[in-house]
Number of protein chains: 2
Amino acid sequence: MARKVSRRGGNIVTIHDVARHVGVSPMTVSRVINGEKNVREETRKKVAEAIEALNYSPNMAARSLASQDSSRIALIYSNPSMSFLSELLLGILHQSSQSGCQLIIESCEGPEGVADVLDKLKSLGVDGVVLPPPLSDSTRVAKALREMGLPFVGVATSRPSPDAASVSIDDFKAAFAMTQRLIALGHRRIGFIKGHPNSYYSQLRHEGYIAALTKAGLTPEDKLVGQGYFTYRSGFDAAESLLMRDERPTALFASNDDMAAGAVASAHRLGLDVPKDVTIVGFDDTSMASSVWPELTTVRQPISDMASLGLKMLLEQIRTRRSGQPYAPVHEIRDFAIIERQSSSPPGEDATD
Amino acid sequence: MARKVSRRGGNIVTIHDVARHVGVSPMTVSRVINGEKNVREETRKKVAEAIEALNYSPNMAARSLASQDSSRIALIYSNPSMSFLSELLLGILHQSSQSGCQLIIESCEGPEGVADVLDKLKSLGVDGVVLPPPLSDSTRVAKALREMGLPFVGVATSRPSPDAASVSIDDFKAAFAMTQRLIALGHRRIGFIKGHPNSYYSQLRHEGYIAALTKAGLTPEDKLVGQGYFTYRSGFDAAESLLMRDERPTALFASNDDMAAGAVASAHRLGLDVPKDVTIVGFDDTSMASSVWPELTTVRQPISDMASLGLKMLLEQIRTRRSGQPYAPVHEIRDFAIIERQSSSPPGEDATD
DNA sequence: CTGAAAGCGCTTACAG
DNA sequence: CTGAAAGCGCTTACAG
């Protein structure tokens, strides 16, 4: 019975092998695999055991060909932080290998780049798009996608498109929580370094900072707030002017890790110890946060999980649409976490013990 | 003729549509797509035009199902730099979406982790493995894979397994070239920060530095060499002791970017300007190099290309093996590039103009 | 140089 | 609750 060996040398276990092993039809095995309900419990169990015993694993190609469910998903990105991107990719890949969808990655530089990439996606027959920041916040991109009739999901968006799915954290709440933590440590003069002005989540983080200060009975002061642009250099510069004030802040909250790292460098250059002389905290928990020294206390976004969930939601959306049912966009909010590392301590003390 | 609409709502262009459009058989179209030679030039051209006109793009699932060529490729990694990983992933993804192979990503922590992951790969029916550093340098992992009979490729290996494929740069030559560049700038007292002692490429880079010095008639001095461990902190510490010497080096060559970034921070803390007082250069061109300020002059490895090529080679290897032909492992060497940024200049001058 | 037939491993749509 | 048939879009292995 050299059935499997006809074309190929190997001996892959197929759904037929499992079926024969149990004494049922391939159809029943298929049902078990896909978790359909109308299978007798006893049958299901026997099939499951056979699957285990034969070490069967479904052929994704066959499955997606047969079910016509082979979604081509594009991930388009433009100029994100590399470490952000890598976490995102990890999550996406994890999910895509499970879902058996085909992934296409495209980078688009500049505003014209986006149009070109969108054209390309169309001709590639893409079924859906994953959008990381800053694209996920672009109303222009959202509009274009909508006009193309292409489903999409925004990952880590601060301004989710109302008619598209999204996964994000609550930037306001996260900045609020981090500021509260700083206050709980005993800090009263807390500086803030804003991100790029055209980014909405930068604004949300700033507002979270203000709100926490206010709630604690502290007065937010403009002179304790510096303008950054999410870059190391901008964090360096902003921190420098903040730290050279007569009444130096005892803590600095930079609204991303690159700026926080720049702020640490600036403090060092001024002869200040971190965290002994000044506590410096970041936001995002990118690899930068744990690369520099001292390692940065920061707010962690579970990027990888968010990306994985985002892709899953997108796939469901595509399936729903295909079946002709109406689709109600889902906006998921994931939990953030405050990660304490060596760059923070009570004012005037050293956290590294 | 509602053929395509039978099961699905859409109207995907298939090989049959193209065939009908041209007036040939699907087989001929298939041949054109796969670049087979036995097709008349005229026919080929007409088919190519139809493909263009109909905007046809082959269905990967069908293709890999029919050709039995659907390879499951695993990428296993352990503790690499995130920015390295993201470049690698980009390259791998680019290639895998073109080749239509299924990608599985597994992280393995620690030496036991590797064994577990390998077990998992086996039960998953993986056809080949991509190995980034430091796994790509592990003789243990190579041996285990060999015993499992699983083809693999090492990406950015300094010590390629003789019987497995690999893609790398010439670390010795790259370090040699960077050191020569420093000498050409006018530096004579050039310090070096070594990487982790158990890493072979760290050693190669050190040897390249020594060789360039020697070739230029300079005497390599042990006291100009510091021991690092590839981390920011270790670069910081090593640079500190190097820069506090009486005869301070005018340039520091750190054998990766994280250490170079740490060295810059250390210089700043000592009140030294980079590059005016000391030139500091790195190696790898990870995102760290362009995140910090001043941005780092460094050696670029084309990670993404290397990964993409590596996967391609692996796929070829699998195909060759399947056809029963003998496989001769290929070791590809890619070109590196010296990237000049703001952290280097002639001694005593400022490069940022 | 070109094509008709059979098959890849799975699922959909029907029957029972 | 279970199964026989047909088909997903492509390629392999033969013929001519």
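Since the structure is predicted, the reported quantities are computational estimates derived from the model, not experimental observations. Letters go in sequence order (proteins before strands), and every chain restarts at 1.
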>> Give the dot-bracket line for DNA chain C from 5' end to 3' end: parentheses for intra-strand Watson-Crick or G-U pairs under 3.5 Å, square brackets for crossings, | for inter-strand pairing, dots for unpaired.
In response: |||.||||||||.|||
> How about Leu315(B) and Ile73(B): do any of their side-chain heavy atoms sit closer than 4.5 Å?
Replying inline: yes
>> Under 4.0 Å, counting only non-hydrogen atoms across every strand here, what does Pro26(B) touch: a base, just sugar-phosphate, or nothing?
In response: nothing
>> From C-beta outward on Ser67(A), which listed nucleotide comes closest to its side chain: dC10(C), dT11(C), dG3(D)?
In response: dT11(C)
> Considering only heavy atoms from C-beta outward, does the side chain of Ser161(B) approach that of Thr139(B) to under 4.5 Å?
Replying inline: no
> Whole-Å distance between dC10(D) P and Arg20(B) CZ?
Replying inline: 13 Å
> Between Asn59(B) (CG) and dT11(C) (P), how many Å, whole number?
Replying inline: 15 Å
> Does a sphere of radius 6.0 Å around CD in Glu49(A) hold more than 12 heavy atoms from other residues, nucleotides or ligands, not counting ones at 6.0 Å or beyond?
Replying inline: yes
> In terms of side-chain geometry, is the basic nitrogen of Arg334(A) or Asp305(A) positioned less than 4.0 Å from the acidic oxygen of its partner?
Replying inline: no
> So, do Leu89(A) and Ile105(A) sit near enough that their side-chain heavy atoms are less than 4.5 Å apart?
Replying inline: yes
> Nearest-Å distance, CD1 (Ile15(A)) to C1' (dC8(C))?
Replying inline: 14 Å
> Listed in order of residue number, which residues of residues 29-52 of chain B have a non-hydrogen atom at under 4.0 Å from DNA chain D?
Replying inline: Ser30(B), Asn34(B)
>> Looking at Ser25(B), I'd like to know whether one of its side-chain N or O atoms comes within less than 4.0 Å of OP1 or OP2 on dG3(C).
In response: yes
> Do Thr14(B) and Asn59(B) come within less than 4.5 Å of each other through their side chains, counting heavy atoms only?
Replying inline: no
>> I need the CG-P distance between Leu65(B) and dC10(C), as an integer number of Å.
In response: 9 Å
> Side chains of Ile15(B) and Ile33(B): does their closest heavy-atom pair fall under 4.5 Å?
Replying inline: yes
>> From CE of Met27(A) over to C1' of dC1(D), roughly how many Å is that when rounded to an integer?
In response: 12 Å
> Is there a side-chain contact between Val130(A) and Val155(A) (heavy atoms, below 4.5 Å)?
Replying inline: yes
>> Can you tell whether the side chains of Lys143(A) and Glu147(A) come within less than 4.0 Å, N to carboxylate O?
In response: yes
> Whole-Å distance between dT11(C) C1' and His16(A) NE2?
Replying inline: 11 Å
> Can you find a side chain N or O atom of Arg63(A) that sits less than 4.0 Å from OP1 or OP2 on dG9(C)?
Replying inline: no
